[in-house]
Amino acid sequence: MKLCIIGSGYVGLVSGACFAEVGHHVICVDNDARKVEMLRAGGIPIYEPGLEEIVKRNVASGRLEFTTSTEEGVDGSEIVFIAVPTPPQADGSVDLSYIEKVAREIAGVLKEYRVIVDKSTVPVKTGEKVADTIRRYNKAGADFDVVSNPEFLREGCAVPDLMNPDRVVIGGNSERAIALMRRVYEPFMAPVIVTDINSAELIKHAANSFLALKISYINAVAQVCEASGADVEKVADGIGSDKRIGRNFLNAGIGYGGSCFPKDIAAFIAISDQLGVPFNLLKEVQRINRTQRDRFLAKIREALWVLKDKKIAVWGITFKPDTDDVRTSVAVDVINDLLKEGAHVTAYDPKGMEKAVEFKLIDGAKLASSPLEAAQGAEALIVATEWKEFDSVDLAELKAAMHTPLIFDGRNLLDPERVRGFGFTYLSVGRS
Ligand code: UGA
């Protein structure tokens, strides 16, 4: 099939590449000419395991193209996916101006029937507004349908998530559009859930909020574990082995971050408020998430007494492992909290340092070229992101490098017994 994807960010680029990989012809539209040039040359602007090879292979085969022209994309495709950013506003609601602008642009060049698909994460009822906008701005009076097709990929494993989805959600009110969408996903052989547009939009917000709720739940349990001497890892294993609950997303730590959960939970709260059904449970999820970081910092303060002029090493800058994404990262917040209190921070991250520098996120912190270099002379070490690499650092060498053998593990990455066996004082989350 011939597909057009507008917006070559995370979702747009991974979706476009994977659609091409299964045999569709994909044209990706982006208004950033430099990005388009880079992609045409086989380069990719983000780090995502497996993506570069797929982009290169499909650009070479001619199945994946890039352009800055919306008209070229819309003219040459049966289905047009909108995958542009939906950033948060100060009150938590979503800035839908990019979606609205793209809807107008599509309307301006729409000459014959197309399915317009909303792939960006949007609040419920956005599809209705997209349809109204296209109708209003399409002078040619061309026929079209709007469909919601939310994305469930995780950064760091976006390619396997897209190639082997748990489910595909297609929300639409037209049989013709749904039949075309089914054909897009046929090669993926995944269960397809067909709903109305509003339900599909809600599925995305409700899924992310539920996962965040699971994390805040286990983080609240971790607080009780600390107060009672229990071990949150054992509690998580015990409750997670119940199939109705599941062990995934029950890892306690310093809280969730990233470009999705914080924004989507705030947006779900905002749209629920607007609809007159305040979602107070989710406000508590947000509160617990903030508390986790505060409690962690309190632990560090308690052990070091004064943070001013203390040499502190931080392992991890990205919001989670296997990504270079440093947006809304709790690790970044922790580093800045320490800097604010006058600590001398040296950080190391396997993939996130370039972007942290580019976006000036941790100005004032030094960067090291390895975990051991970061720990040199440190009076404390903080594990802020659970990269596997950190778990394989030689603990004898680490102890020799540090001034004081003190570790605060914000992600429960290291094995407490092993670490203590090497003579470290080790504090983690929810493990006595
Ligand atoms: C999340 C969802 O998992 C995807 O299904 C969804 O498609 C995506 O948002 C999106 O809306 O685009 P992502 O933000 O890439 O994906 O990252 P996750 O793996 O979900 O992790 C989010 C945060 O939760 C990270 O900061 C991670 O460290 C934290 N987390 C995760 C925990 O603290 N504990 C856990 O048990 C799991």
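Not measured: the values here are computed from a predicted model. Remember, it's 1-based here, ligands and their atoms both numbered in the order they're listed. All residue numbers refer to positions in the sequence shown, counting from 1.
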### Task
Answer yes or no: is there a donor N or O on one side and an acceptor on the other, between the side chain of R40 and the main chain of F66, under 3.5 Å?
yes
### Task
May I ask you to check whether over 12 heavy atoms, not counting those of Y98, lie within 6.0 Å of atom OH?
no
### Summary
d(E373 CD, T346 OG1) to nearest 0.5 Å is 8.5 Å
### Query
For S199 and D196, does a side-chain donor sit closer than 3.5 Å to a side-chain acceptor?
yes
### Query
Which residue and non-hydrogen atom of the protein lie closest to atom 36 (O) of ligand 1, and at what distance in Å?
N251 N, 2.9 Å
### Protein heavy-atom partner closest to atom 16 (O) of ligand 1 - residue, atom, separation in Å
R154 CG, 3.6 Å
### Query
What's the shortest distance from atom 19 (O) of ligand 1 to any protein heavy atom, and which residue and atom give it?
K320 NZ, 2.9 Å
### Message
Geometry only, no angles: is G257 polar-contacting ligand 1 at N/O separations under 3.5 Å?
### Response
yes
### Query
Would you say E354 has more than 12 foreign heavy atoms packed within less than 6.0 Å of its CD?
no
### Query
Among all protein non-hydrogen atoms, which one is nearest to atom 9 (O) of ligand 1, and what is the separation to 0.1 Å?
C260 CB, 3.2 Å
### Sub-4.0 Å atoms of ligand 1 with respect to non-hydrogen atoms of R411
28 (O), 33 (O)
### Task
Provide the number and element of each atom of ligand 1 under 4.0 Å from a heavy atom of D264.
11 (O)
### Query
Given Y256, F249, F261, F152, which has its nearest heavy atom closest to atom 29 (C) of ligand 1?
Y256
### Query
Is a side-chain donor-acceptor pair under 3.5 Å present for Y426 with R431?
yes
### Summary
Within the 4.0 Å heavy-atom cut-off, what D161 brings close to ligand 1 is neither
#### Entry: Enumerated ligand 1 atoms positioned under 4.0 Å from heavy atoms of E155
15 (O)
### Task
Show which atoms of ligand 1 fall inside a sub-4.0 Å distance from at least one heavy-atom site of K204.
6 (C), 7 (O), 10 (C), 11 (O), 12 (O)
### Task
Give a yes or no on this: more than 12 heavy atoms of other residues, nucleotides or ligands lie within 6.0 Å of atom CD of E302.
no
#### Entry: Neighbour count above 12 (heavy atom, 6.0 Å) for K283 NZ
yes
### Summary
atom 4 (C) of ligand 1 has as its nearest protein heavy atom L153 O, 3.5 Å
### Message
If I compare all heavy atoms of V184 with all of H24, which pair ends up nearest, and what's the gap?
### Response
O-NE2, 2.8 Å
### Task
Note the single closest protein heavy atom to atom 31 (C) of ligand 1, along with its residue, its atom name and the distance in Å.
I215 CD1, 3.5 Å
